[in-house]
Asks: 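This is the structure I have questions about; it appears just below.
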Amino acid sequence: MGRKSVAVLDVRSSEITVIVGERGVNDTFVFKANKSEEYDGYDESAFFNEERLSEAVIRAVSAAEQVCGERIKDLYVGVPGAFTEVVPKEQVIGFPKKRRIGPREISALYESGKEARSGYRAVRATSMIYNTADNRRVLDPIGLSSAVLSGNLSYFYCSEYFIGIMDGIFAKMNIKAHYIPAQYAMAVYLIPSETRDEYALLLDVGFLSSSALVVLGNGVLAQKTFWSGKGQIAAFIMQRFSLSYDAALSLLSKANLYAKSNSGTVEYIFRGQAYDIDVDLLTETVKEGLDVLCEEVSGFLESCSGKELEFKPLFVTGEGLADIRGAIEHVSKRVNRVCEPIAPNLPYYNKPSMSSRIALLDMAAEDVRKTGLIYRLFNGFGG
């Protein structure tokens with residue numbers, strides 16, 4: 001591939017996407033290829049069908065290579081929350097005497113907190129905030145002088161199962177994989193740095209799974225993934241109206257939770273077959289499905305309760321709620337918190353469903369830019 005180009009693999013719970021691009025002007029991107037493939041998804045610990053996953057990845061990579069006319073040798077893979085563990089730590093290191101803080105000192109701080117975790121591999125370490133000996137609280141300590149350096153750090157670990165599956169696929173294609181925590185990439189790309197400086201909340205709603213995060217600075221204080229999304233809401237509709245799953249999924253996009261009155265019955269036609277749908281019942285069913293998600297989110301927020309989070313809005317992204325009218329407003333009422341939709345600020349890509357792939361591309365491009373500088377010192381972190 002070209003020196004400035006990067007390729008990423010976005011692994012969502014219903015489809016995978018390979019996107020190739022490079023940075024343009026004013027934080028934009030020049031896209032060279034973008035190919036998505038559906039597959040069976042995953043549960044709490046494993047992919048439902050590893051063979052179909054492999055086939056989907058190979059098709060998407062091959063198609064992307066054909067479109068952009070370049071061979072993909074390095075691929076930055078987004079690790080879903082289901083296969084990620086986030087460990088926040090406060091680390092402190094001291095020096096014999098006051099010294100100027102540089103990449104080597106930061107690397108030593110990160111290494112001091114690195115630990116072995118059974119079934120997981122460290123893929124990245126980031127900072128929420130740093131502190132110096134004179135109690136300066138800074139986001140970037142490089143260039144400061146201090147005899148002590150401490151930091152509230154976030155360590156990201158990817159399951160060996162996920163890495164093993166992906167490395168097995170890429171070995172056949174002679175591709176080197178680099179792993180990026182997907183939800184973390186979304187948080188730092190979508191939420192402005194000045195907002196993250198004093199805590200921020202992100203909810204990524206997918207098809208089969210969703211993840212909630214508490215973000216601080218350039219790190220993650222807490223993260224949880226739960227098994228609720230657009231697909232489960234469609235399952236509620238399927239059972240309530242005795243529809244096929246595909247018909248229920250299509251009907252879901254017709255629901256309007258904004259409407260003050262949804263009384264009456266409408267005829268719904270799917271693939272030539274007509275169904276009589278009670279509009280009130282449809283609205284109620286969608287809300288029931290959303291309430292499962294809301295209960296999970298509320299439980300997570302309660303577990304992270306603190307004055308710092310009381311009035312923070314919940315930023316919502318992902319494909320799960322994007323085409324359900326009134327869904328975000330319903331979630332806001334149920335979790336008793338302002339919810340704000342968030343998406344990439346890019347023409348034609350400013351949709352919540354694009355958040356993960358653009359965020360991964362942004363982080364991968366930054367990693368490539370830094371290669372040979374700070375990241376090379378981290379001996380594996382930042383991969």
Asks: Please evaluate residues E366 and R369 with respect to the criterion salt bridge (charged side-chain N to carboxylate O under 4.0 Å, His left out), reporting the C-alpha separation (whole Å), side-chain torsions for both, the decisive distance (0.1 Å), and the verdict.
Replies: CA-CA 5 Å; E366 187 66 10; R369 186 185 71 82; 2.6 Å; yes
Asks: Give a yes or no on whether the backbone of E198 and the side-chain of E308 come within a donor-acceptor separation of less than 3.5 Å.
Replies: no
Asks: Side chains of V67 and K32: does their closest heavy-atom pair fall under 4.5 Å?
Replies: no
Asks: What residues, two or more places apart in sequence or in another chain, satisfy salt bridge (Lys or Arg N to Asp or Glu O under 4.0 Å) together with R12?
Replies: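 For R12 the salt bridge (Lys or Arg N to Asp or Glu O under 4.0 Å) partners, ignoring immediate neighbours, are D204, E319.
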Asks: Which residue, Y179, Y120, F162, Y157, forms the ring pair (Phe, Tyr, Trp, His ring centres under 6.0 Å) with F83?
Replies: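 When Y179, Y120, F162, Y157 are each tested with F83, the ring pair (Phe, Tyr, Trp, His ring centres under 6.0 Å) holds only for F162.
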Asks: Is any side-chain heavy atom of D367 closer than 4.5 Å to a side-chain heavy atom of H178?
Replies: no
Asks: When you compare the side chains of S209 and Y42, does any donor N or O come within less than 3.5 Å of an acceptor on the partner?
Replies: yes
Asks: Would you say the side-chain atoms of E15 pair up with the backbone N or O of S36, donor to acceptor, closer than 3.5 Å?
Replies: no
Asks: Check whether any side-chain heavy atom of I16 lies under 4.5 Å from a side-chain heavy atom of R357, and answer yes or no.
Replies: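 Side chain of I16 against side chain of R357, heavy atoms only: no contact under 4.5 Å found.
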Asks: Does atom CD of E288 have more than 12 heavy-atom neighbours, drawn from other residues, nucleotides or ligands, at distances under 6.0 Å?
Replies: yes
Asks: Scan side-chain atoms only and decide if D276 and T265 contain a donor-acceptor pair under the 3.5 Å cut-off.
Replies: no
Asks: Within a 6.0 Å radius of atom CG on D140, are there more than 12 heavy atoms belonging to other residues, nucleotides or ligands?
Replies: yes
Asks: Does the side chain of V79 come within less than 4.5 Å of V123's, by heavy atoms?
Replies: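 Answer no - side chains too far apart.
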Asks: Does any non-hydrogen side-chain atom of F226 lie less than 4.5 Å from one of L293?
Replies: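 They are in side-chain contact.
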Asks: Are L282 and Y268 side-chain neighbours, meaning at least one heavy-atom pair lies under 4.5 Å?
Replies: no
Asks: Nearest 0.5 Å, please: how far is CD1 in I269 from OG in S250?
Replies: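 The distance works out to 11.5 Å.
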Asks: CG of L321 to CD1 of I233: how many Å apart, nearest 0.5 Å?
Replies: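 So the CG of L321 and the CD1 of I233 are separated by 6.0 Å.
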Asks: Quick one: are V368 and Y76 in side-chain contact, heavy atoms under 4.5 Å?
Replies: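 The answer is yes; the side chains approach within 4.5 Å.
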Asks: Do S13 side-chain atoms and F207 backbone N/O form a donor-acceptor pair below 3.5 Å?
Replies: yes
Asks: Just checking, any donor-acceptor pair under 3.5 angstrom between side chains of Q91 and S112?
Replies: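 Side chains of Q91 and S112: pair found under 3.5 Å.
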Asks: With a 3.5 Å distance limit and no angle check, can you tell me whether Q232 reaches the backbone of L208 through a side-chain donor-acceptor pair?
Replies: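 Such a contact is found between Q232 side chain and L208 backbone.
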Asks: Grab the two heavy atoms, one from A364 and one from V8, that are nearest each other, plus how far apart they are.
Replies: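 Closest approach of A364 to V8: CB-CG1, 3.7 Å.
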Asks: For D323, is there any backbone N or O sitting under 3.5 Å from a side-chain donor or acceptor partner on S253?
Replies: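 Side chain of S253 to backbone of D323, a donor-acceptor pair under 3.5 Å: no, none is there.
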Asks: Verify, without hydrogens or angle tests, whether R196 (side chain) and I191 (backbone) share a donor-acceptor contact under 3.5 angstrom.
Replies: yes
Asks: Within a 6.0 Å radius of atom CD on E194, are there more than 12 heavy atoms belonging to other residues, nucleotides or ligands?
Replies: yes
Asks: Students often mix this up, so state it plainly: with edges at 30° and 60°, are the rings of Y184 and F156 parallel, tilted or perpendicular?
Replies: tilted
Asks: Taking N49's backbone N and O only, do any of them form a donor-acceptor pair with Y39's side chain (distance below 3.5 Å, no angle check)?
Replies: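 Pair absent, no side-chain N/O of Y39 close to backbone of N49.
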Asks: Is the side chain of E105 donor-acceptor paired with the backbone N or O of G102 at a distance under 3.5 Å, no angle test?
Replies: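 A pair under 3.5 Å: yes.
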Asks: Taking the side chain from S62 and the backbone from R59, do they hold a donor-acceptor pair closer than 3.5 Å?
Replies: no
Asks: Return the set of residues passing ring-ring contact (aromatic ring centres under 6.0 Å, His included) with Y349 (not counting sequence neighbours), or none when no residue passes.
Replies: F31
Asks: Step by step, would you call N131 with N152 a side chain to side chain contact (heavy atoms under 4.5 Å, CB included)?
Replies: CA-CA 8 Å; N131 296 283; N152 296 93; 3.9 Å; yes
Asks: Could you list all the salt bridge (charged side-chain N to carboxylate O under 4.0 Å, His left out) pairs where at least one residue sits in residues 86-98, not counting sequence neighbours?
Replies: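 As it turns out, the salt bridge (charged side-chain N to carboxylate O under 4.0 Å, His left out) pairs with a partner in residues 86-98, which skip direct neighbours, are K89-E115.
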Asks: Please check: side-chain N/O of S210 versus main-chain N/O of S228, any donor-acceptor pairing under 3.5 Å?
Replies: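 Indeed, once roles are kept as given, a pair shorter than 3.5 Å links the two residues.
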Asks: Got L149 and V92 here, is their nearest side-chain heavy-atom distance under 4.5 Å?
Replies: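 Heavy-atom side-chain distance check fails, nothing below 4.5 Å.
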Asks: Ring-plane angle category for Y130 and Y110, please: parallel below 30°, perpendicular beyond 60°, tilted otherwise.
Replies: parallel
Asks: For R99, look at atom CZ and say whether over 12 heavy atoms of other residues, nucleotides or ligands are found less than 6.0 Å away.
Replies: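 Correct, the count exceeds 12.
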